[in-house]
Structures are given as structure tokens and as C-alpha cells.
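Hydrogens, waters and symmetry mates play no part in the numbers below; they use all other heavy atoms, side chains included. Chain letters run A, B, ... following the sequence lines, proteins first and then strands; every chain starts at 1.
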Number of protein chains: 2
Amino acid sequence: MPYRRTTQVQARLQATRDRIVDAAVRRLATSGWAAISVAGVARDAQIATGTVYRHLEDKDALLAAAFRRAAGRELQVVTDAASTEGPPAARLEVALRVFADRALQGRRLAYALLAEPAGAAVEAERLTYRAGYRALFHDILVDGLADRSIQDHDAEVVAAVLVGAMSEALVGDPVTSDDASPDDASRLDALVAACLRAVPFATPHPTTLVSTDDPGGSA
Amino acid sequence: MPYRRTTQVQARLQATRDRIVDAAVRRLATSGWAAISVAGVARDAQIATGTVYRHLEDKDALLAAAFRRAAGRELQVVTDAASTEGPPAARLEVALRVFADRALQGRRLAYALLAEPAGAAVEAERLTYRAGYRALFHDILVDGLADRSIQDHDAEVVAAVLVGAMSEALVGDPVTSDDASPDDASRLDALVAACLRAVPFATPHPTTLVSTDDPGGSA
DNA sequence: GTCTATAGTTCGATAGAC
DNA sequence: GTCTATCGAACTATAGAC
């Protein structure tokens with residue numbers, strides 16, 4: 001109802017935009033990119049169809065915003081998990097586990113974020129977020145080089161290897177719903193183990209950490 | 001006498017279609033997806049613009065065909081390289097090296113095939129070809145399990161890890177032209193080494209092509 | 001080949017806030 | 001009183017059916 005850019009109005013605008021993007025993310029997490037229609041999202045957000053365009057340029061902008069919100073949450077959760085005190089090996093393992101665990105918890109969303117064909121606008125966002133994960137892993141690897149817990153290696157390359165490995169391995173059958181499979185635990189262990197093997201730790205088995213908790217808590 | 005598609009006519013049609021797709025691939029390899037315009041491709045193929053649509057449904061079909069031709073060649077080359085006689089470890093290493101080497105030789109094309117935003121049609125093709133690489137690596141890993149040269153592991157997961165690792169690590173700066181960088185050789189070695197580390201070989205160093213302990217090895 | 005259904009986008013009218 | 005966010009119907013384009 002307000003009309004000018006007072007703080008009150010600004011907050012209201014922001015709240016409406018948030019409702020729009022959240023509605024899009026809900027549809028994305030349930031049914032993928034094709035489920036995001038402007039009219040449907042507007043209905044979910046309890047606004048008129050045309051109002052969507054007051055907040056987002058066009059549908060591509062809506063898709064990109066939905067991607068950024070969902071992917072941004074994931075990256076934040078993994079970043080937080082890796083920010084704990086402790087040796088690089090442990091931080092790396094927890095980052096990998098949290099990444100994989102959340103992807104398996106929300107398979108449909110993971111597929112949408114990691115692999116589902118979605119148009120060039122979303123593709124461009126994907127590249128940005130992959131770079132974010134690269135940087136996160138790179139930082140941990142450099143720490144490992146500094147404290148000699150990881151042998152000399154090309155941290156840029158290994159960081160990219162980790163990002164690619166996780167992304168590719170967690171793209172399962174898109175038809176599969178979010179139902180947890182009994183194989184999930186072993187697949188997760190196999191994936192984390194393979195990723196950790198790729199990192200040249202000074203000691204063969206740096207950690208025996210087994211942490212399956214989810215510090216992020218998806219709403 | 002009614003018009004029939006004689007083998008001769010069939011061959012000519014095929015040849016024209018091939019010229020169209022090849023022209024698209026040339027533009028792709030030089031300048032990426034944005035460089036593929038129907039008019040430009042038609043000019044390169046020395047046909048009228050409208051003729052393109054007699055061979056391909058629409059632009060998306062042209063893009064998809066260009067992807068399949070370029071990506072199909074790559075997959076074939078890697079498959080052939082991995083089809084040699086020899087232990088699984090050697091076949092895997094040569095497959096990885098050929099994959100990476102070709103990507104570094106043609107950076108622009110590699111970026112286009114592996115990562116460049118290109119629309120949903122091309123995206124869908126990408127998933128298909130990634131599955132092809134997964135199958136290729138999976139076969140080698142299973143061979144290694146059979147002859148005990150590779151320890152017990154989840155071959156599906158490790159195959160996915162290898163595909164993802166290679167794809168992600170070879171997506172360099174898209175601005176960079178195809179000029180070979182002096183770092184290429186060491187980056188390639190680092191990448192192949194990281195991938196091979198992810199595979200639990202029964203013996204630490206299955207081949208002498210890669211040294212994982214001493215970074216001092218000169219290429 | 002036409003027709004219809006669906007979905008993205010636009011726009012004039014309305015009403016509420018400064 | 002002026003300004004602008006909102007509404008929702010109309011417009012347009014495309015895909016699928018007959």
C-alpha cells in the first residue's frame with residue numbers, strides 16, 4: 001500500500017520481493033525449474049501477476065533470483081560448517097559431508113541447482129556459485145599447505161576437482177523424489193572418501209571423523 | 001515417376017546437413033555459442049538461410065546438433081584412447097590425459113562444451129554426454145575391480161567423481177584464447193594426478209607416467 | 001494447416017501513502 | 001494533491017491437438 005521509499009516502504013517492498021522469491025524457491029525445490037510460472041508464483045505469494053514485474057525485470061530475473069537464494073543458502077551453510085576451528089583435513093571433510101548430506105536430503109533441489117537444464121540465465125549463476133565453492137575449498141587447501149598437513153600440490157586444480165566431483169556425483173536420478181534411500185549413507189561415505197583421497201594429505205588417514213548432523217537445518 | 005529419395009539424393013542431403021553442422025561447430029570452437037547465428041552458419045555452409053530449416057527443425061536443434069557432433073568426437077577420441085590393451089590403471093590414465101590434453105588444446109571449444117551457458121537444449125545434451133563419460137570410466141573401474149588392481153569401491157560414485165573433476169578443472173578463463181600456456185603441462189599433470197589419487201589402486205603408483213610424491217618431476 | 005490452450009508480458013485504472 | 005505500487009484483464013507468442 002505504501003508508495004515512497006521511506007524505510008517503512010522499503011521494508012515492505014523488500015518483504016514482497018522476498019515472498020515472491022521464496023515462493024519460486026518452494027516450487028523449485030518441489031518440482032524443478034519448469035514449475036516456476038509467473039502466475040503460479042504470484043498466486044503463492046498472494047499478489048497479482050503483474051506485480052511480479054514491479055520487483056523483477058522478467059522471468060529470467062525471477063529464475064536467477066530463485067537460484068541465488070537457494071544456492072546462496074547452501075553455500076553459506078557449507079561455508080559455516082567449514083569455518084570451525086580445527087585442522088584443514090577436518091574442516092574439509094565436514095564441508096564435503098555437509099554439502100553432500102544436504103544434497104541427498106533435498107535431491108530435487110540439488111538436481112535443480114547442480115544440473116537441471118534451465119536456460120542461460122541460470123547457467124550463468126551456476127558458474128558464479130561454483131567459483132564460490134572453489135574459493136572455499138581453495139582456502140582450506142592453502143591452510144593445509146601452510147601447516148604442512150597437506151603435501152605440495154596445485155590448490156587451484158584440486159579445489160576445482162573437489163567442486164566438480166561433488167557436483168557430478170550428487171546428480172542422481174532426477175525422477176527420484178526426495179525419499180531417502182538406504183544406500184545414501186554408503187554413497188555419501190564413498191563420495192567423501194574419494195574426494196579426500198584426491199587431496200594429498202601428509203598422513204594417509206587424517207581423520208576418522210564421522211559427522212552426519214546437519215548444522216543448517218532446512219526450513 | 002514419383003519423386004523418391006534415391007541413395008544419391010540421400011547422400012547429397014546428408015552432405016549438406018553435415019556442412020551446416022560443421023560450420024556451426026567451427027563457429028562454436030572459435031567464439032562460442034553466441035557466434036552461432038542461423039544466417040552466419042548458412043553463409044559459411046554456402047547455402048541460403050532458409051535452407052537450414054530444411055535440415056534442422058529450429059535453432060535449438062542446430063545448437064544441439066553442433067554440440068552432439070563436437071562432444072561426440074571428443075567422447076569417441078577418449079573412448080578409443082581407453083580401448084587399448086593394458087591394465088585398467090594405464091587405460092584410465094591415458095583416458096584422463098587425452099581428455100585433458102584435448103581440452104587444453106582447444107580451450108574455447110572445451111569451455112563451450114563443458115560450461116558455457118547455452119540454453120536448455122544444449123544443457124540436456126550435456127547431461128547425456130556426461131553420462132557417456134561416466135559409463136566409460138565405470139567400465140574401466142569395474143575391470144580394475146575384476147583383476148584386483150583396484151581395491152573395493154563404489155565404481156558409480158568414483159566414475160562420477162572423475163567426470164566431474166575433469167569437467168570442472170578444465171573450465172578455465174573463457175576469455176583466454178586457445179593459446180597454450182606454459183603452465184598447461186603442470187596443470188594437466190596435477191589434474192590427472194588428483195584424479196588418479198581418487199581411485200583406490202591396490203598399488204600406490206600403478207604407472208610411472210605420474211609422480212604423486214615428488215613435485216620436482218620435470219615434463 | 002488451423003485452432004486452441006497456455007504462459008510471458010504489458011498497460012490503464014485504482015487506491016493508498018506522503 | 002501528487003505520486004506510485006498494485007491489480008487484473010488484455011495482448012502476444014508459442015506449442016500442441018485435431
Side-chain angles (χ1 to χ4, degrees), chain A residues 1-71 108-109 111-113 115-126 174-175, chain B residues 2-5 13 17 20 24 33-34 36-42 48-68 117-128:
Chain A
M1 324 306 184
Y3 82 90
R4 232 181 197 185
R5 301 302 166 89
T6 69
T7 49
Q8 179 103 356
V9 173
Q10 190 76 5
R12 182 107 184 115
L13 270 310
Q14 184 62 41
T16 300
R17 205 196 115 106
D18 281 347
R19 283 217 317 281
I20 296 170
V21 178
D22 278 336
V25 170
R26 279 196 299 275
R27 282 168 170 258
L28 183 64
T30 305
S31 311
W33 296 107
I36 300 183
S37 70
V38 177
V41 166
R43 184 154 17 89
D44 293 354
Q46 299 180 335
I47 57 172
T49 305
T51 304
V52 173
Y53 290 90
R54 293 276 157 195
H55 296 269
L56 294 147
E57 195 67 22
D58 54 14
K59 190 181 178 180
D60 269 0
L62 173 60
L63 297 179
F67 181 93
R68 280 193 297 271
R69 177 152 306 177
R108 191 59 186 83
L109 181 59
Y111 174 66
L113 295 180
E116 187 180 12
V122 169
E123 272 302 287
E125 296 294 332
R126 266 205 261 260
V175 178
Chain B
Y3 176 81
R4 276 185 300 179
R5 291 200 170 178
L13 286 176
R17 205 195 116 106
I20 295 170
W33 294 107
I36 300 184
S37 69
V38 176
V41 167
T49 303
T51 306
V52 172
Y53 291 94
R54 294 196 156 275
H55 296 270
L56 295 146
E57 196 67 23
D58 53 17
K59 188 178 177 180
D60 269 1
L62 173 60
L63 298 179
F67 181 92
R68 280 194 298 272
V122 169
E123 271 303 286
E125 295 293 331
R126 266 204 262 259
L127 293 183
T128 301

Side-chain donor or acceptor of B:R17 paired with backbone N/O of B:L56 under 3.5 Å: no

Atom pair distance, as rounded to whole Å: CD in A:E57 and P in C:dG8: 16 Å

Rounded distance in Å - OH (A:Y53) to P (D:dA10): 18 Å

Atom pair distance, as rounded to whole Å: CG in A:L13 and P in C:dC18: 12 Å

SB check A:R26 A:D44 (cutoff 4.0 Å): no

Separation of C:dC18 P from A:R12 CZ (nearest whole Å): 12 Å

Intermediate values then yes/no, salt bridge (Lys or Arg N to Asp or Glu O under 4.0 Å), A:E116 and A:R126: CA-CA 11 Å; A:E116 187 180 12; A:R126 266 205 261 260; over 6 Å; no

Out of C:dC18, D:dC7, C:dT9, whichever nucleotide has its closest atom nearest the side chain of A:V9: C:dC18

Residue A:I47, side-chain atoms from C-beta onward, closest of C:dG8, D:dC7, C:dC18: D:dC7

Distance-minimising heavy-atom pair for B:V52 and B:A42: CG2-CB, 3.8 Å

Atom-to-atom span, CZ of A:R17 to C1' of D:dA5 - whole angstrom: 16 Å

Nearest-angstrom distance from the residue atom CD of A:Q46 to C1' of D:dG8: 16 Å

Backbone of A:I36 reached by a side-chain donor or acceptor of A:R27 within 3.5 Å: no

Shortest side-chain distance from A:A48, nucleotide among D:dC7, C:dG8, D:dT6: D:dC7

Distance, rounded to the nearest Å, where A:D58 contributes CG and C:dT9 contributes P: 5 Å

Sugar-phosphate only, base, or nothing, as touched by A:T49 at under 4.0 Å among non-hydrogen atoms: base

Out of C:dC18, C:dT9, D:dC7, whichever nucleotide has its closest atom nearest the side chain of A:T51: D:dC7

Whole angstrom value for the distance that separates C1' of D:dT6 from CZ of A:R19: 12 Å

A:D60 vs A:R54, nearer the 5' end of DNA chain C by closest nucleotide: A:D60

A:H55 side chain near D:dT6 phosphate (N/O to OP1/OP2, under 4.0 Å): yes

